Amino acid sequence: MTSLPILYIVVPCYNEEEVLPETTSRLIEVLQNLINQKKIALQSRIMFVDDGSKDRTWEIIQAFNDKQDFVTGLKLARNAGHQNALLAGLMTAKSFSDCVISIDADLQDDVNAIYEFIQKYHEGYDIVYGVRQSRTTDTFFKRFTAESFYRLMKTMGVNLVFNHADYRLMSKRTLENLADFQEVNLFIRGIVPLLGYKSTEVYYDRNERFAGESKYPLKKMLAFAFDGISSFSVTPIRLVTTAGFMIFGLSILAGIYAIIAKILGMTVTGWASIILSVWFLGGVQLIALGLIGEYVGKIYKEVKARPKFIIEKHLTSNNKIQGSLTR
């Protein structure tokens with residue numbers, strides 16, 4: 001057995017045909033340099049995970065797999081979503097590696113930070129978080145909403161690494177413990193800090209997307225943020241309960257005022273006040289029901305315990321295709 005760690009780089013992909021050749025080239029260069037520097041073992045690999053792409057993403061992965069021993073691939077049977085695709089790669093890669101680095105395919109995360117990731121691993125860290133040093137390439141709206149999300153999660157008691165997404169290194173034993181988390185509603189960047197192993201941070205500058213379009217429009221970003229909040233905190237439910245008590249208290253005060261006004265003969269028939277109160281209370285009730293329904297829906301998904309992903313094909317470095325797997 002070699003004393004050098006085997007590194008796998010897991011790259012979730014969804015319709016990434018435009019950027020994939022450049023991503024592959026850069027990651028192979030990083031692997032080759034680390035091998036030459038005797039930082040990682042020769043058996044280290046890149047694992048692309050095709051999350052049900054509709055373009056030529058899988059064909060490109062296969063082509064690189066035919067030419068390069070460094071390239072392996074997973075093809076999911078359908079689009080399972082970024083977090084599930086990432087989990088599929090992590091859970092598969094842990095069987096072949098000593099440590100795994102996850103990174104998106106769009107090259108916004110600086111691949112050169114991987115050198116420092118590996119250095120931190122050799123220093124004894126089990127988890128190394130890639131943290132964005134600046135967001136100058138993001139629009140003001142995206143930067144504001146992203147940073148507000150992290151602050152909101154912290155306020156609600158969720159332990160997140162500020163300005164960290166899914167660019168990180170994890171050791172084999174942390175991945176084995178990650179496999180014990182069986183929830184269907186995945187929010188990996190919230191789960192990893194719960195593992196509790198020795199961790200550190202590596203800072204890097206975020207780049208612009210190399211090619212193609214973002215796979216996270218506003219609608220998906222908001223859905224992802226709400227999933228994160230509702231998966232890790234019951235604070236929204238408690239806020240609704242608090243609002244209910246406050247409105248109840250105000251209604252008592254309003255009732256006392258109405259009785260006093262009646263006794264003193266100061267009552268005035270008012271249409272606007274009644275309509276406003278009805279609309280206000282109706283809106284609060286609908287919001288409360290919707291929020292409760294969201295949590296009930298998550299319970300419904302968890303109880304069914306359906307597989308989070310199904311692997312249709314697995315390309316190894318020897319160009320062998322393995323059969324379907326589910327998790």
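All heavy atoms count here, side chains included; hydrogens, waters and symmetry mates do not. The structure presented is a predicted model; accordingly, all values stated were derived computationally and were not measured.
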Taking the side chain as C-beta and beyond, is there a heavy-atom pair between [X] and [Y] under 4.5 Å?
X	Y	value
Thr72	Tyr8	yes
Glu22	Leu107	yes
Gln37	Asn33	yes
Leu175	Leu178	yes
Val131	Val202	no
Phe70	Ile35	yes
Tyr197	Ser171	no
Leu169	Val100	no

Mind listing the closest non-hydrogen atom pair of [X] and [Y] along with its distance?
X	Y	answer
Glu123	Lys198	O-NZ, 4.2 Å
Cys13	Leu20	SG-CD1, 3.9 Å
Cys99	Ile118	SG-CD1, 4.5 Å
Met91	Ala179	SD-CB, 3.6 Å
Gln83	Arg189	OE1-N, 4.3 Å
Asp51	Ala80	OD1-N, 2.7 Å

With rounding to the nearest 0.5 angstrom, report the [atom1] to [atom2] distance, [X] to [Y].
X	Y	atom1	atom2	result
Ile9	Ser97	CD1	OG	11.0 Å
Ile101	Leu90	CD1	CG	11.5 Å
Phe181	Ile188	CZ	CD1	11.5 Å
Lys120	Ile127	NZ	CD1	15.0 Å
Ile103	Asp110	CD1	CG	8.0 Å
Ile61	Phe48	CD1	CZ	6.5 Å

Chi angles and distances behind the side chain to side chain contact (heavy atoms under 4.5 Å, CB included) call for Leu315, Gln62: CA-CA 8 Å; Leu315 296 176; Gln62 286 181 308; 3.6 Å; yes
Tell me yes or no: between the side chains of [X] and [Y], is some donor less than 3.5 Å from an acceptor?
X	Y	answer
Gln133	Asn163	no
Glu201	Tyr203	yes
Tyr204	Asp109	yes

Does [X] reach the main-chain N or O of [Y] with its side chain, forming a donor-acceptor pair under 3.5 Å?
X	Y	result
Arg173	Met170	no
Asp98	Ile6	yes
Asn36	Gln32	yes
Thr92	Ala88	yes
Ser102	Asp166	yes
Asn15	Ser53	no
Ser44	Leu7	yes
Asp55	Thr57	yes
His82	Pro12	no
Lys172	Lys94	yes

Side chain to side chain contact (heavy atoms under 4.5 Å, CB included) between Leu76 and Ile310, worked out: CA-CA 6 Å; Leu76 302 189; Ile310 299 174; over 6 Å; no
Ile40 vs Leu4, side chain to side chain contact (heavy atoms under 4.5 Å, CB included): CA-CA, chis, key distance, verdict: CA-CA 5 Å; Ile40 60 175; Leu4 295 176; 5.8 Å; no
Test side-chain contact (heavy atoms from CB on, under 4.5 Å) applied to Leu31 and Val71, Ile46, Ile114, the passing residue: Ile46
Parallel, tilted or perpendicular: ring planes of His164 versus Tyr129, cut at 30 and 60 degrees: perpendicular
Worked check of ring-ring contact (aromatic ring centres under 6.0 Å, His included) between Phe117 and Tyr167: CA-CA 10 Å; Phe117 279 24; Tyr167 190 21; 4.9 Å; yes
Salt-bridge contact Lys75-Asp50 (side-chain N to carboxylate O under 4.0 Å): yes
Tyr115/Gln119 under side chain to side chain contact (heavy atoms under 4.5 Å, CB included): CA gap, chis, key distance, verdict: CA-CA 6 Å; Tyr115 296 109; Gln119 181 58 40; over 6 Å; no
